[in-house]
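The block underneath contains the structure these notes are about, expressed in structure tokens.
Per chain, numbering begins at 1; letters A, B, ... match sequence-line order.
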Amino acid sequence: MKIQLTVNGSRYEKDVEENRTLLRFLREDLGFTGTKEGCGAGECGACTVFFNGKTVNACMVLAVEADGGSVETIEGEVKDGKFSVIQEAFDRNHGLQCGFCTAGMILSVKELLHRNPKPTEDQIKDGLEGNFCRCTGYTQIIESVLDASGQLPKKGELHHA
Amino acid sequence: MTDFDCVVAAAGASSRMGEWKLLLPWGRSTVVETVVENALKACPRVFLVTGFRGDELAAKFAGNPKVVCLSHNAWKQGMVSSLRRGAAEVTTRRFFVALADMPLVTPALYERVAEACSEEGQVPAIQACRPVFQGKPGHPVLFDRSVIAAITAWKEGESLKGLLSTLNTVTVEVQDAGAVQDFDIPSDYNTARSFLGVSLPRDDAQGKTTGAIRFTDDFLRPGMLHAAVLASPHAHARILSVNTEQARAAPGVRGVFTGADWTNLIGLYMGDKPPLARGKVRYHGEPVAVVVADDEASAQTALRLLEVNYQPLPALLSLRQALSAQAEVLHPELGSYSHIPAIFPEPGSNVAHRTKIRKGDAQAALAIAEVVVEGTFSFPPGDHAALEPRAVQAELSGEGRLVVRTSTQSPFGVRTLLARSLGIPELQIEVLVGAVGGGFGGKAGIQLEPLACLLTQKLGGRPVRLVNSREADLISSPGRPGLEAHIRLGSQKDGTFVAAEIEFLFDSGAYADYAVNVARAAGYACTGPYRIPHVKADSLCVYTNHPFATAFRGFGHIELSYAMERAVDLLADKLGMDPAELRLLNAIRPGDTTPSNSVLDANTGNLAACLQTVQRRLGWRADRWTDQQGKVHAQGISTFWKAPAIPTFTDAGALLTFAEDGSVTLATGVVELGQGAHTGLRQMVAEALKLDPSRIRVVPQVDTDTSPHDWATAASRSLFMAGRAALDAVADAVRQIKKIAAQPLRCPEEDLEVAGGRVFVRDDPRYSLPLEKIVLGYVYPDGNAIGGPVIGRGKYIARHLTHLDPETGEGRPGLEWTLGACGIEVEFAQDGGFRVTKAACTMDIGKLINPDLARGQVVGALAMGIGFSTRESFVFDQKGRVLNASLRDFKLLRFGEEPEYFVDFLETPQGDGPFGARGLGEQGIIGVPGALAQAVSRAVGVNVVDLPLTAEALWKLREGRS
């Protein structure tokens, strides 16, 4: 069926199979490949996008459900050539390694900071519970979020004499 | 940390430098920020005395409450006047004075000076203390408060040296040239500037935070065909028939293939695996048939129309069963498989490989040992669960070449193995690798590529996309091996180890893949980092009907470490010794021999210091204690080592080229998996060329057509070997640059120096040229040109490695041994559930290149180790089917489950490592299972033998059930 939706502020109109997920539609039909598929089952959070203002796992939403809606993906985070505060904080604090979880992670952080601009460490952990990272062990992601929310990160226990 | 205030003199105008030096780039910030940062690591407060452009400095530090800026109008009167301004504000008993243009004064130097000055009761009392490096006085200088009056009275314009000569000043000899390193002219600055030990952001950070960087499956394009794979529902069965008729007729289907379509055998070290099961399936999840269609949905729909008739066979699901004389031989053709010479299969059995270690006479030594313990330890196979499922795209190019884009750790290995298994010349194959979403060993070797290539060959060269679902990634593609280990360990009464008898049975599952070499690595490193004169070990790689296994982070060492550390714990219990003490007593040292009888040389790190650091971090306790909430706590400690299990001829190439603006590009064959190797290599090139890293780029993709050869991005050897190759390429380029520049600069080449993007005469830097005038050739004013493009060629090949003797294991397998220690603390709630509250790791890495990258690797490895020990294993039913082939059931560590991490590094230089560095990517995981099992054993009061420590396993352990 034909659907209409807004992605990162631009309107799209496309034919789509009823069983196509929003994730595949974004990646394969519209070319927003920044959003990743890690499990296809709503477990890993790598496909997190904003849908009508809230984060969803795009693998768990059908494209037809997004008809008439608005979606924001990682490609929409750079505004006027400027990186977002969250992107810069991840960059500065090594909040990523392989990068496969990063797009979803950053959008989950964005949602968390909307709700709670100065989250504590525990609130960060709660807020990002739905996103797996297999590389970092999470510490440097937590530090990135503290930095992004203007709270100086407590730098691990690295000792370099 | 000292309690002393620090006065930083930052008022001067740097008149000789030509530009103000305090805000020149240094590390990841500027000169003055680095100085303040270092001072604050040693002192609680900094008074920054500013003069020239003081407002800019005040603005820079406005947000930092620990920095007090003191504007000093009379700064032109000299250093002592600034000192006076600062000294008036200090409140501590003693205070430091440092200079804002000496960023190489490290926190350790502050500590050293404070320490030297701490001898109380000296008469006359110490009034000042100054570090001295090779006779030259340096900084920081420590003053006693009592001299403030003398400073105030000191005449304008006089020097610090003069002032100190009137005081009772003691000096302290230091070994760190940073104490005296300042720079007054640009060439000094460029030469002194270091890019090592600096946490530069990752090269790929922006590409990854914006989603712009492309992983294999992001290269999807219209017109590609999509493959879907049918997986075996049985662990072991005969394939009686496959009916493909209906599937072939389904809409959009371009081809349906089964094992009968090809006779090729594929394998990394041993060619034992067909691209699709032929005649038999040997594990649950084995690919049986593949459908290729115009789109993925059509392929999936057609897959359901395939009819396969299986005759289920009894499955070999335990190692002992697989080794029994009655066991069915899973690979009757084992004797005819091609394999590398380092592998010793035993045809007629299920033994794919055996490494023997015979050092001394273990049997005799154990017979007379004063104390002997014995135990059996095990864990089932599991998976890497890298977040990016494996993906590949293959097609034939216009000229008929095979072009393969894939998520691999081994681009060149894939090329060679494709050539071999498909019978195509390597010249006709191009392998392209962009960003890879985590590997952990799981993407080393050859995986989905042969099938995708065979498909494109069958389909007229059209591009075929093959991507694993998560389920297929977990079970159809290889995971990590399981282990059963049996160990007898003997010691003297005082705890000194005398002998060990070790048997490792690696569960390789249906195919051998990398697991044969995993078993080999576990063999040559079988004792862990302990001095044991008599060792007998047999390390076997065994076929079963489990999903097959490949390399996994730690590569045999995590497995051996778990088993060996458990045995050491049994011994500590029996001796009544503190387990940390027992490890310290037996810790390996330079001059000791490994199980394969190779001598550890002076490059060996300091294991004892690693152990002691972990003890300090944990606040080591060898008992179990209960806190006020009734929670039970206990700690565990372990040691580890790792030498990369690489071919003796493992190589790395590097190519350094220049652009017209003098900027530099480094090409290597190293794949960026998230480990950050490209960033580390960029820092090494920056250091060697003394060039700002922003002017250097490391090519992020590997293309086997153009990238220099590199064995594989595995075994934690990229920074070491590609690092050596990169330094070799820099040296080659610098030679060429000097040769060209010597002509226009009219001097011998050997008088020239390259730094800061210029080539100049060492002792008279006024004679200089910018690199951009040289690197593509020098052009004289009349138009004549000389030189031509500078191309730095670099290479490295493993040094002094030998094969292992098949009967005794004797030989030199290890390029370098990274040593370390690991500590874990657990907390048990009253309901019996536990969590890991602390995880500490100290590793001797030779040289720290990028602290944030290194810490990220170790924390990530510790996290993976906690997952490995507590949950990450396959759960099988009685027929050998995997019950937890999804991320819902194969549980990874989530946010909130992480403990407090303590990561420390020691820097005993690796003589042959680049800048003294050695590998560190895998090692953090190795010691976790042993330390965690020790902590849980102590908390519960029962010895843990099997992993993972799930709630159910713990309950059984407490109840004494198996």
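Contact check on A:R134 versus B:E388 returns no salt bridge, with no Lys/Arg side-chain nitrogen under 4.0 Å from an Asp/Glu carboxylate oxygen. The residues A:D91 and B:R202 are annotated as not salt-bridged, no charged nitrogen and carboxylate oxygen being separated by less than 4.0 angstrom. We find that A:E28 and B:R465 are joined by a salt bridge, their nearest charged nitrogen and carboxylate oxygen being less than 4.0 Å apart. Using a 4.0 Å cut-off between a side-chain N of Lys or Arg and a carboxylate O of Asp or Glu, B:R894 and A:E43 qualify as a salt bridge. A salt bridge links A:R27 with B:D218; the closest basic N to acidic carboxylate O contact falls under 4.0 Å.
For B:V436, the part lying near chain A is the backbone, with the side chain staying farther off; criterion is any non-hydrogen pair under 4.5 Å.
Residue A:F100 comes nearest to B:G437 through the heavy atom pair CB-CA, 4.2 Å, listed as atom of the first residue, atom of the second, then distance. The two residues B:F895 and A:I141 have their closest heavy-atom pair at CZ-CG2, 3.7 Å.
Between chain B and the residues A:K125, A:M105, A:H94, A:Q87, the most heavy-atom pairs under 4.5 angstrom are made by A:H94.
Counting heavy-atom neighbours within 6.0 Å of A:E17 CD, excluding the residue itself, gives a total of 12 or less. With a 6.0 Å radius and a threshold of 12 heavy atoms from other residues, nucleotides or ligands, A:K82 has its NZ atom at or below the threshold.
Just one of B:K208, B:Q675, B:E672, B:Q857 meets the side chain to side chain donor-acceptor pair (under 3.5 Å) condition when paired with A:Q97; it is B:Q857.
Between B:E296 atom CD and A:R24 atom CZ the span is 4.0 Å, to the nearest 0.5 Å. Atom-to-atom distance recorded for B:K891:NZ and A:F132:CZ is 8.0 Å, nearest 0.5 angstrom. Distance check: A:I106 CD1 to B:T209 OG1 gives 5.0 Å after rounding to the nearest 0.5 Å. Expressed to the nearest 0.5 Å, how far CG of B:D204 lies from SG of A:C98 amounts to 9.5 Å.
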Check step by step if side-chain contact (heavy atoms from CB on, under 4.5 Å) holds for A:I142 and B:E898.
CA-CA 11 Å; A:I142 294 168; B:E898 69 277 15; 3.1 Å; yes

